[in-house]
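Notes to accompany the following structure.
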Amino acid sequence: MMIREKMCVQRKKVNIGRSCSLEDQCLGNSTCTDNSCQCPPGHAASLNVCVLRKTVTPGYLCNPEDICTGQSVCIKGVCQCQPDYKQMHNICVKKNIGVEGSPCSNRDDCGEGLTCSSGKCSCPEGLFSVNGRCRSYVQMGHTCTSDDRCTDRNALCQENVCSCKSGFTNITGQCSANIVQPAEPETLSQVKSTKCLASNQCPSGAQCVKGECKCKPGLAISRYGFCVPITFAEPGTSCAYGERCQKDSHCADGLCTCNEPLILKENKCVKSPREQAARRTQQPRTLTECPRDGSCKLPDCFCTSTGKMPPDNLDPKQVPQMVLLSFDDPITDRIINTLKSLFSGKIRNPNGCAIKGTFFVSHQWNNYDQTLWLHSKGNEIGVNSITKEDLSGRTKERWYKEQKGMRETLAEFSYVDRSQILGTRAPMFKVGGDAQYEMITENNFTYDNSMLVSGAYWPQTLDHKLPWDCTEKCPTQTHKGIWEIPIQNLQGDDSRWYKTLNRALKPVDSRDSVKKMLMRNFMNHYKTNRAPFVLTLDTEFLTYLPDNGAIYALEDFLKDIVLKQDVFIVTGSQMIDWMRSPYDLNNIKNLRSWQCKFLVNDHVQPCEVPSTCSFDGRSRGLHAHSFRMCGVCPTSYPWIS
């Protein structure tokens with residue numbers, strides 16, 4: 001009611017969005033503003049009532065009245081980043097122009113034609129950058145310009161033709177030195193990963209020797225890549241600035257660390273009492289050749305002299321061709337919908353079971369609620385590491401913190417049963433020798449999937465010498481019962497061999513060309529010894545081609561191969577189960593772990609309301625970010641101490 005001409009009269013009631021005057025009563029918690037009933041700021045009309053607008057992060061479903069956060073907008077029912085922006089950890093950030101050498105987390109951070117490798121924008125393998133554009137090398141004898149580079153490192157563009165520089169001669173397309181170069185002084189230390197043509201391209205204190213920057217005599221490399229005067233450091237003291245560690249110690253993480261198995265005691269490296277006792281009772285367990293007397297027997301030991309034969313001398317034609325879909329990255333909003341689609345059950349093995357993948361998870365940026373979802377659907381969860389740094393030269397204790405620590409983190413944040421986390425993969429496929437495999441043995445992991453090989457090799461245990469050439473920091477001692485699943489190189493469309501799948505891709509690739517490349521490499525196994533075919537997938541591959549071209553190519557390939565009644569897409573643990581107890585195709589139905597019901601984790605329920613944990617990163621010198629997990633957030637960011 002209101003008073004008008006000394007009489008109480010009924011106020012006019014007006015719905016939201018209709019014209020009004022100040023005397024009218026706006027309904028649904030709205031007010032008369034600018035002559036219409038409007039909801040207050042931060043609210044929207046729903047069923048003629050003003051309600052608080054819901055905030056939605058990029059990548060999630062939205063309604064027109066919702067507030068999309070992180071500078072995103074609601075497009076076709078999903079909060080999406082606008083053109084020239086990309087989604088990064090629940091916010092939209094402007095895309096990097098992609099200059100070579102700039103930091104990146106994935107390919108979207110880099111400009112046209114560039115890819116993200118080892119955290120930096122760079123040209124794909126086989127190309128180089130000129131003024132921000134990737135160009136191909138010019139073959140010897142072909143026409144070139146001053147901006148071009150020749151395929152041979154000892155060639156230059158001279159008179160518009162790629163030819164050998166002074167002191168070298170073209171022999172069958174390669175520039176060979178005319179004279180034998182003198183030996184390098186032992187005092188020259190190589191500056192890590194620094195190629196050069198002249199000394200002015202090297203850091204201060206270094207010089208160019210045979211195409212690589214090396215420190216001058218009297219200088220050594222600091223952990224930051226600079227040449228500094230040589231000084232000496234005692235065990236337990238700092239070596240962060242190029243100091244040479246003395247007395248049975250080496251530099252690790254900026255500290256002079258005792259060589260294994262010595263321990264630090266009063267700035268001296270000494271034998272531990274346990275090691276002294278062990279040396280009196282144990283002999284060295286050096287790897288030996290695969291025995292021919294049958295002493296290496298399944299299920300706990302398997303080896304062959306060539307590595308090319310399946311177990312139990314089975315006829316390859318009677319062996320199931322196993323395919324391992326392995327993923328080597330954190331699980332994030334960027335790829336989870338792709339993974340849910342891939343493992344939705346639309347692609348099934350010949351026995352009717354939905355295909356599954358194996359995820360070697362790293363910690364940074366990982367969403368543990370999404371990891372649990374993958375686990376609940378029967379996919380296998382393995383460990384990569386906490387930091388995803390190169391661990392090839394690190395100690396067993398560091399491997400322990402990285403990989404056992406990752407297992408504990410998965411168990412705490414994703415509720416994945418520790419006993420089901422059985423597989424490991426070294427960061428960047430750089431194995432760590434006996435330090436890594438001792439950690440694997442002591443922590444009851446079953447297998448490792450890190451070694452890159454040339455050819456189709458069968459897995460084997462580390463009881464005896466490996467049949468394939470191992471060029472990295474390889475184990476030299478016996479690690480009984482630990483399985484190694486090798487990863488074969490892949491041949492790209494340019495006929496070159498690549499260590500990983502994403503390196504084989506080129507910007508000109510299409511859905512059809514990627515599928516054909518996958519099929520060609522698969523047939524190298526299927527038509528020969530049927531050694532397991534391992535695909536190493538990551539976020540960069542899944543998002544490499546426009547319009548999800550790489551995803552569709554992968555699905556096309558998988559749908560084709562499972563039409564064959566002898567091809568099975570399996571997890572790492574399923575592969576090892578078959579290796580321990582081989583069944584031919586006629587009896588494969590008897591292998592319990594390959595049956596459909598065995599794969600379903602009915603007792604595992606995904607997080608319905610995960611916690612979002614945010615950290616500013618200052619304590620670790622990193623950018624602020626957040627991740628999601630099941631349960632209550634930790635008080636500090638989990639990291640390697």
Side-chain angles (χ1 to χ4, degrees), residues 1-95 108 331-341 344 365 367-370 372-373 376 413 548 605-616 624-633:
M1 303 291 287
M2 70 178 195
I3 299 173
R4 180 181 294 169
E5 297 179 355
K6 299 182 180 181
M7 296 180 61
C8 291
V9 297
Q10 186 75 32
R11 296 178 67 185
K12 180 182 177 182
K13 296 182 179 180
V14 182
N15 286 323
I16 299 172
R18 298 297 181 90
S19 299
C20 64
S21 67
L22 295 178
E23 297 177 347
D24 295 336
Q25 179 183 357
C26 288
L27 301 178
N29 297 324
S30 63
T31 57
C32 190
T33 305
D34 296 332
N35 298 322
S36 68
C37 289
Q38 300 180 23
C39 291
H43 291 69
S46 177
L47 300 177
N48 287 324
V49 177
C50 292
V51 296
L52 189 66
R53 296 177 68 186
K54 183 175 67 173
T55 58
V56 182
T57 55
Y60 284 85
L61 299 178
C62 61
N63 294 312
E65 65 271 12
D66 294 338
I67 300 175
C68 289
T69 62
Q71 300 187 47
S72 61
V73 293
C74 191
I75 303 174
K76 295 182 179 180
V78 178
C79 285
Q80 301 181 36
C81 296
Q82 301 179 63
D84 297 328
Y85 284 77
K86 63 173 183 176
Q87 182 180 335
M88 179 178 287
H89 320 307
N90 295 331
I91 61 172
C92 296
V93 296
K94 195 168 183 63
K95 290 183 178 179
D108 283 347
I331 312 302
T332 64
D333 291 337
R334 190 159 178 246
I335 61 170
I336 186 61
N337 289 333
T338 296
L339 299 176
K340 287 182 177 181
S341 174
S344 63
W365 314 120
N367 284 328
Y368 291 88
D369 59 316
Q370 295 168 345
L372 179 61
W373 185 92
S376 71
F413 294 174
N548 295 320
Q605 297 298 322
C607 294
E608 293 296 335
V609 185
S611 301
T612 299
C613 310
S614 300
F615 300 88
D616 60 18
H625 75 282
S626 63
F627 65 89
R628 293 197 303 275
M629 59 168 286
C630 307
V632 180
C633 293

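Keep in mind that the numbers below use all heavy atoms, side chains included, and drop hydrogens, waters and symmetry copies. Keep in mind the model is a prediction, meaning the values are calculated, not measured.
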Atom pair [atom1]/[atom2] of [X] and [Y] - distance to nearest 0.5 Å:
{"X": "Met629", "Y": "Thr612", "atom1": "CE", "atom2": "OG1", "value": "10.5 Å"}
{"X": "Ser344", "Y": "Leu339", "atom1": "OG", "atom2": "CG", "value": "11.5 Å"}
{"X": "Leu372", "Y": "Ile331", "atom1": "CG", "atom2": "CD1", "value": "12.0 Å"}
{"X": "Asp34", "Y": "Ser19", "atom1": "CG", "atom2": "OG", "value": "11.5 Å"}
{"X": "Ser21", "Y": "Asn35", "atom1": "OG", "atom2": "CG", "value": "8.5 Å"}

Open item on the list: Ignoring hydrogens, what is the shortest heavy-atom contact between Thr57 and Thr69? Give both atom names and the distance.
Closed with: CA-OG1, 3.3 Å

Open item on the list: Within the 4.5 Å heavy-atom criterion, are Gln370 and Asp333 side-chain neighbours or not?
Closed with: yes

Open item on the list: Under a plain distance cut-off of 3.5 Å, with no hydrogens placed, do Gln38 and Ser36 share a side-chain donor-acceptor pair?
Closed with: yes

Could you tell me which residues satisfy side-chain contact (heavy atoms from CB on, under 4.5 Å) with [X], sequence neighbours excluded, listed by chain and number?
{"X": "Cys50", "answer": "Ile16, Asn29, Ser30, Cys39, Pro40, His43"}
{"X": "Cys92", "answer": "Pro58, Gln71, Ser72, Cys81, Tyr85"}
{"X": "Asn15", "answer": "Arg18, Leu27"}

Task: Side-chain (Ser611) to main-chain (Gly631) donor-acceptor, under 3.5 angstrom - done: yes

Open item on the list: If we ignore hydrogens and angles and just use 3.5 Å, is the side chain of Arg11 paired with the main-chain N or O of Asp24 as donor and acceptor?
Closed with: yes

Open item on the list: How about Cys20 and Cys32 - are their SG atoms less than 2.5 Å from one another?
Closed with: yes

Task: Geometric class of the Phe615/Phe627 ring pair [parallel <30°, tilted 30-60°, perpendicular >60°] - done: parallel

Open item on the list: Does atom NZ (Lys13) have a neighbourhood of more than 12 heavy atoms from anything else shown, all under 6.0 Å?
Closed with: no

Task: Evaluation steps, disulfide (SG to SG under 2.5 Å), between Cys74 and Cys79 - done: CA-CA 4 Å; Cys74 191; Cys79 285; 5.3 Å; no

